[in-house]
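Scope of the values below: all heavy atoms of this structure, side chains included, with no hydrogens, waters or symmetry mates.
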Amino acid sequence: MTRQSIEHCCQTAKERYAEFGVDVGKALESLAATSISLHCWQGDDVGGFEAPDAQLGGGGIAVTGSFPGKARTIEELRRDLSMAYSLIPGRRRLNLHSSYGDFGGRRVERDEFAPEHFRSWIDWARDKGLGLDFNATLFSHVKADSGYTLASPDENIRAFWIEHVKRCRAIAAHMGKELGKPCVHNLWIPDGAKDETVNRLAHRKHLQNSLDEIYEVKYSPDHLKDSVECKLFGIGSESFVAGSHEFYLLWAQKNGVMVCLDMGHFHPTESVADKVSALLLFFDEILLHVSRGVRWDSDHVVTLGDELRALMLEITRADALGRINIALDFFDASINRVGAWITGARAAQKALLYALLEPTDKLRAMERDGDLFGRLALLEEMKTMPFGAVWEYFCQTQNVPGHSDWMREIYDYEKKVLKLRT
């Protein structure tokens with residue numbers, strides 16, 4: 001489409017939305033101001049850059065597929081990320097796992113990680129105008145082989161991982177201070193058991209004590225935001241997960257830490273969107289990991305589906321966009337990895353735009369007045385409104401290709417860069 005035709009279509013869409021009291025310009029301003037945190041681990045199948053002789057294993061992480069072009073070095077990953085960012089409109093952040101440090105080919109144990117190992121990432125992010133988020137890495141390590149880390153009955157194992165997370169929080173705070181943007185540090189652990197577990201209480205007591213020790217040190221909220229992430233089950237922990245939703249919900253509320261809601265970490269019949277308004281009554285902020293589970297927590301690439309739209313609608317209906325931290329979390333090695341990043345990020349942004357274009361005030365009035373037919377009918381009408389024209393205009397204003405134009409650039413990058421990696 002030409003620039004003029006995109007502007008014409010958007011103007012028509014603006015007029016239609018205005019009939020329902022929706023200010024398209026205001027919606028676009030909100031969308032442009034909202035950051036999406038892109039996850040580094042989609043680019044290399046959750047491999048990381050610890051020394052080749054590092055002993056890996058354990059943790060319940062599985063990636064399927066072998067599409068050519070996986071990033072093998074920090075430089076290749078940064079090149080792929082730069083390509084992805086060039087095709088994603090709006091504000092952007094990068095979400096790093098600690099195993100992606102710049103260790104210079106040396107073996108650095110995880111309880112020895114320090115800010116110096118992430119200096120090049122901070123400099124790169126500053127140059128790109130990105131904020132950084134961070135995650136302790138409590139998987140793919142021999143000391144996670146038992147299935148337990150912070151909830152382990154082994155005091156030495158717990159001490160090792162406690163020190164690791166302490167160091168990761170310090171690194172995250174350093175990132176936030178250096179970049180002048182708060183860094184979200186999220187904690188997820190794989191702790192659990194494959195089969196029936198008798199002493200669940202003991203494991204959860206160990207986890208509680210570990211967390212109490214880890215979060216004793218307080219950092220400025222201008223530099224660091226802490227969050228903890230629950231899970232219903234994992235690979236190798238189908239019968240018991242120490243860090244359940246109830247456990248983290250209560251611990252986080254008591255200790256002033258954010259809760260992370262991962263869209264794939266609940267029962268398939270549960271609505272993650274429904275949890276948002278409940279948590280907002282008790283938490284200042286929430287972290288969302290936007291993912292797509294298919295039958296189980298399979299971390300599929302995010303698409304513009306009903307669950308994602310419902311989640312974004314719940315956020316905007318609660319006027320809570322400023323209290324939500326949005327990060328992506330999926331990994332698919334069966335398709336072009338850079339294209340997967342872009343597809344997922346743009347899907348999340350489209351869902352948010354759809355929500356921002358809802359005539360919420362009008363719907364609230366109908367609900368208040370008992371006009372439930374009108375509410376249902378209007379919700380249905382909004383599904384066929386021309387929000388796609390508004391999305392194309394947004395991409396144009398952000399100097400990012402819309403429609404399928406961006407796909408051609410990915411195919412070209414695949415041919416010239418990814419398929420040459422062997």
Review point. Considering only heavy atoms from C-beta outward, does the side chain of Y413 approach that of L418 to under 4.5 Å?
Key: yes
**Study point:** Donor-acceptor pair between S291 and D329 side chains, under 3.5 angstrom
**Key:** no
Practice item. May I ask you to test the V302-T343 pair for a side-chain heavy-atom distance under 4.5 Å? Key: no
Practice item. Given side chain to side chain contact (heavy atoms under 4.5 Å, CB included), test S82 with W124 step by step and report yes or no. Key: CA-CA 10 Å; S82 295; W124 183 80; 3.6 Å; yes
Review point. Is H267 reaching over with its side chain to a backbone N or O of T269, donor-acceptor style, under 3.5 angstrom?
Key: yes
Point to revise | Worked verdict on K181 versus R93 for side chain to side chain contact (heavy atoms under 4.5 Å, CB included) | key: CA-CA 10 Å; K181 303 173 183 178; R93 299 176 65 86; 4.2 Å; yes
Review point. Side-chain contact, heavy-atom cut-off 4.5 Å: L138 with V165?
Key: yes
Review point. Going from CG on D405 to CG on L87, what distance comes out if it is rounded to the nearest 0.5 angstrom?
Key: 10.5 Å
Practice item. Using the salt bridge (Lys or Arg N to Asp or Glu O under 4.0 Å) rule, take R364 and D319 through it: C-alpha gap first, then chi angles, then the decisive distance, then the call. Key: CA-CA 13 Å; R364 284 174 179 156; D319 297 321; 3.7 Å; yes
Check your understanding: Between W188 and H265, how do the two ring planes meet: parallel, tilted or perpendicular, split at 30° and 60°?
Key -> tilted
Revision key, fill the gap. When every non-hydrogen atom of I162 is compared with those of S210, the smallest separation belongs to CD1-OG, 3.7 Å
Practice item. Could you tell me whether the side chains of K205 and Q208 share a donor-acceptor contact shorter than 3.5 Å? Key: yes
Point to revise | Main-chain N/O of G48 paired to W41 side chain as donor or acceptor, under 3.5 Å | key: no
Review point. Are F134 and W121 near enough that their ring centres are under 6.0 Å apart?
Key: no
Review point. What do you reckon, is NZ of K275 surrounded by more than 12 foreign heavy atoms closer than 6.0 Å?
Key: yes
Check your understanding: If only atom types and distance count, is the side chain of E392 paired as donor or acceptor with the main-chain N or O of H403 below 3.5 Å?
Key -> yes
Check your understanding: Is the side chain of Q349 donor-acceptor paired with the backbone N or O of P89 at a distance under 3.5 Å, no angle test?
Key -> yes
Review point. Does the pair R110 and W161 meet the rule for a side chain to side chain contact (heavy atoms under 4.5 Å, CB included), with working shown?
Key: CA-CA 8 Å; R110 292 187 187 175; W161 290 115; 3.7 Å; yes
Check your understanding: When you measure from the side chain of Q398 to the backbone N and O of G90, does any donor-acceptor pair fall under 3.5 Å?
Key -> yes
Review point. Using 30° and 60° as the class limits, which term best fits the ring planes of F394 and W391: parallel, tilted or perpendicular?
Key: tilted
Check your understanding: Judged by modelled atom types alone, do S120 and R78 share a side-chain donor-acceptor pair under 3.5 Å?
Key -> yes
Practice item. Return the orientation label for the F240 and Y148 ring planes: parallel under 30°, perpendicular over 60°, tilted otherwise. Key: tilted
Check your understanding: Are more than 12 heavy atoms from other residues, nucleotides or ligands located less than 6.0 Å from atom NZ of K350?
Key -> yes
**Study point:** Rounded distance (nearest 0.5 Å) linking atom CG of L352 with atom CD1 of I315
**Key:** 7.0 Å
Review point. Counting distance only, does the side-chain N/O of E238 pair as donor-acceptor with the main-chain N or O of G236 below 3.5 Å?
Key: yes
Practice item. Decide salt bridge (Lys or Arg N to Asp or Glu O under 4.0 Å) for E213 and K166; before the verdict, give the C-alpha distance in whole Å, the side-chain angles of both, and the deciding distance to 0.1 Å. Key: CA-CA 9 Å; E213 181 176 343; K166 283 182 176 179; 3.2 Å; yes
**Study point:** Atom NZ of K177 with >12 non-hydrogen neighbours under 6.0 angstrom
**Key:** no
Exercise for review: Measure the spacing between CG of L356 and CD of E29 and express it to the nearest 0.5 Å.
Suggested key: 11.0 Å
Check your understanding: Do side-chain atoms of R158 reach the backbone of H206 as a donor and acceptor pair under 3.5 angstrom?
Key -> no
**Study point:** Shortest non-hydrogen contact from A318 toward L280
**Key:** CB-CD1, 3.8 Å
Check your understanding: Is P115 close to R119 at the side-chain level, that is, under 4.5 Å between some pair of heavy atoms?
Key -> no
Check your understanding: Does the side chain of F283 come within less than 4.5 Å of Q253's, by heavy atoms?
Key -> yes
Point to revise | Closest non-hydrogen atom pair, V301 against G344 | key: CG1-N, 4.0 Å
Practice item. Determine whether L77 and C40 make a side-chain contact, defined as any pair of heavy atoms from C-beta on separated by less than 4.5 Å. Key: yes
Review point. For M83, does its backbone N or O pair with a side-chain atom of W341 as donor and acceptor, under 3.5 Å?
Key: no
Review point. Among side-chain atoms of S99 and H97, is any donor-acceptor pair under 3.5 angstrom?
Key: no
Check your understanding: Where is the tightest heavy-atom contact between L38 and A345, given as atom of each residue plus distance?
Key -> CD1-CB, 4.1 Å
Check your understanding: Got a second to check how far E112's CD is from E109's CD, nearest 0.5 Å?
Key -> 6.5 Å
**Study point:** Atom pair CZ/CD1 of F49 and I74 - distance to nearest 0.5 Å
**Key:** 5.5 Å
**Study point:** L287 side, atom CG; N325 side, atom CG - distance, nearest 0.5 Å
**Key:** 6.0 Å
Review point. Has the side chain of R167 got a donor or acceptor atom that lies under 3.5 Å from a matching backbone atom of D111?
Key: yes
Point to revise | Centroid separation F113 to F103 less than 6.0 Å | key: yes
Check your understanding: Does atom CD of E15 have more than 12 heavy-atom neighbours, drawn from other residues, nucleotides or ligands, at distances under 6.0 Å?
Key -> yes
Exercise for review: Before giving the answer on side chain to side chain contact (heavy atoms under 4.5 Å, CB included), spell out for D332 and F67 the whole-Å C-alpha distance, their side-chain angles and the decisive distance to 0.1 Å.
Suggested key: CA-CA 9 Å; D332 189 344; F67 193 87; over 6 Å; no
**Study point:** Exercise: identify the closest heavy-atom pair between I235 and A62
**Key:** CD1-CB, 3.5 Å
Practice item. Compute the centroid of each ring, for H185 and then for Y219, and state whether the two points are separated by less than 6.0 Å. Key: no
Practice item. For atom CG of D284, decide whether the heavy atoms of other residues, nucleotides or ligands shown that lie under 6.0 angstrom number more than 12. Key: no
Check your understanding: Under 4.5 Å between any side-chain heavy atoms of M382 and L378, yes or no?
Key -> yes
Check your understanding: Do the ring centers of F160 and H141 come within less than 6.0 Å of each other?
Key -> yes
Review point. How about R126 and L179: do any of their side-chain heavy atoms sit closer than 4.5 Å?
Key: yes
Point to revise | Under-4.0 Å salt bridge between E307 and R292 | key: no
Review point. Do N186 and D133 have side-chain atoms, one donor and one acceptor, less than 3.5 Å apart?
Key: no
Exercise for review: Go through the side-chain N and O atoms of D212 and W251 and say whether any donor and acceptor fall under 3.5 Å apart.
Suggested key: yes
Check your understanding: Which heavy atom in Q396 sits nearest to a heavy atom in I6, and how many Å separate them?
Key -> OE1-CD1, 3.5 Å
**Study point:** Donor-acceptor contact present, side-chain H203 to main-chain R200, <3.5 Å
**Key:** no
Exercise for review: May I ask you to say whether D262 pairs ionically with K231, meaning some side-chain N is under 4.0 Å from a carboxylate O?
Suggested key: no
